[in-house]
Amino acid sequence: MEPLVKVEDLSFAHEQGGHSQQVLTELSLHINPGELVVLTGPSGSGKSTLLTIIGGLRSATNGSVQVLGSQVVGARERLLTQLRRGIGFIFQQHNLAPALTVARNIQMGLQLSRGHRSRDARQIIERAAARVGLDEHLHKLPGQLSGGQQQRAGIARALVNEPTLVLADEPTASLDRESGQMVMDLFNGLASAGGAVVLVTHDKRVIDQADRILALEDGQLVPPAEAFMKDTSNSLQKLMQIDPGRLGRLMSFGHALAQVALADGVVDELERVAMLEALRTRKIFSGSELDLVVDLALAQARSWQGARENQVDLEDLQKAAEAVAMADSVVTDEERAVIRQLLTR
Ligand code: ADP
Ligand code: MG
């Protein structure tokens, strides 16, 4: 199967006021039909730039970018315009025309492509609006909608042509959980029908549903696990500096919950939800800390579970433990006792 997007050795620099800033460096990636790919990475790492190049909205001069079978690098405006018709672009800002109704805005996406008979067009627009839950709001102006509704109108406009490729820049950022999932279901449907979706996001719920994760850092792809671990490790270190006591409470709570989660031998999603609920009512932790405690606990429980099935090499553990105990040159009785306990568990 031919990839829908084939990027090879793409480099790109933004030019501004005679000054050139390298943003993407020798980037290569493929997007295959059927894939829902998440593009993630810190702010300024080049995600939006990459998306606009793939979408033919910004021209690159180096490397090769093939999209839906056409070469984008060095392409003429005519070809780019034609290419954009096969792509649904969802912008970070929804870019709706403020003086046009929702229906008219969605129609803008439709007019770009084929000449539809007006009755058909009306039906297609209504269907597109209904799919994002806006069928009651077709006659309204963007200014009369909430932020999330505006975002959904932008999504309806992008999807009205049933594009093969969807490029979405933080499309769920201003959506509540329910409409965010509605949009993800649409994306999933598009991918299962043989299209592909590339979406920029930091939303964990969205990332969990991806077929593949691409992580950008300083304009280069890095292994996603590495990027996430660095993130986590940085957060933990920061918390350690700000409030070591709090980090201690997080860790010991996590440790305790992990033991409970593992008690029945299986660690599952239901337990995750129950843990979150239990913590939420306690008011000891707040916001993202709740997720951290629970994820810490589940990661611990799952890795213990894995270790049980895949016995830890005790001799190896003993050596490592002794090396840690020796680090300050003296092995105390307490340290010896802990090591003994570890080895007999
Ligand atoms: P991300 O979407 O990952 O946050 P961007 O692709 O928007 O990153 O930006 C990457 C870098 O390019 C940033 O340093 C940003 O300041 C710069 N940049 C983005 N757009 C432009 C532009 N139009 N002109 C000049 N520099 C830009
Ligand atoms: Mg961006």
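Both counts, for ligands and for their atoms, begin at 1 and track the order of listing.
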Under 30°, 30 to 60°, or over 60°: which ring-plane class applies to Phe91 and Phe89, parallel, tilted or perpendicular?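 Ring orientation of Phe91 relative to Phe89: parallel.
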What's the shortest distance from [atom] to any protein heavy atom, and which residue and atom give it?
atom	answer
atom 10 (C) of ligand 1	Gly44 O, 3.4 Å
atom 27 (C) of ligand 1	His14 CD2, 3.2 Å
atom 16 (O) of ligand 1	Gln21 OE1, 4.2 Å
atom 8 (O) of ligand 1	Gly46 N, 3.2 Å
atom 7 (O) of ligand 1	Ser48 CB, 3.7 Å

Within the 4.0 Å heavy-atom cut-off, what Glu15 brings close to ligand 1 is neither
The answer for which part of Thr49 has a heavy atom under 4.0 Å from ligand 1 is both
- Is there an N/O/S atom in Ser48 that lies less than 2.8 Å from the Mg ion (ligand 2)? yes
inquiry  = Can you tell whether the side chains of Arg272 and Asp291 come within less than 4.0 Å, N to carboxylate O?
reply    = yes
Does even one non-hydrogen atom of Gly41 get within less than 4.0 Å of ligand 1?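 So Gly41 does not count as touching ligand 1.
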| said: As a test of understanding, state which of Leu96, Ile90, Thr172, Leu145 forms a side-chain contact (heavy atoms from CB on, under 4.5 Å) with Gln151. | reply: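 So, applying the side-chain contact (heavy atoms from CB on, under 4.5 Å) to Gln151 and each of Leu96, Ile90, Thr172, Leu145, only Ile90 qualifies.
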The atoms of ligand 1 lying under 4.0 Å from a heavy atom of Pro42, numbered in the order shown, are 3 (O)
Does any N or O in the side chain of [X] come within less than 3.5 Å of the main-chain N or O of [Y], such that one atom is a donor and the other an acceptor?
X	Y	result
Thr201	Glu170	no
Glu335	Thr332	yes
Gln237	Asn234	no

- prompt: Hey, are the side chains of Arg336 and Asp333 touching, using non-hydrogen atoms and a 4.5 Å cut-off?
  reply: yes
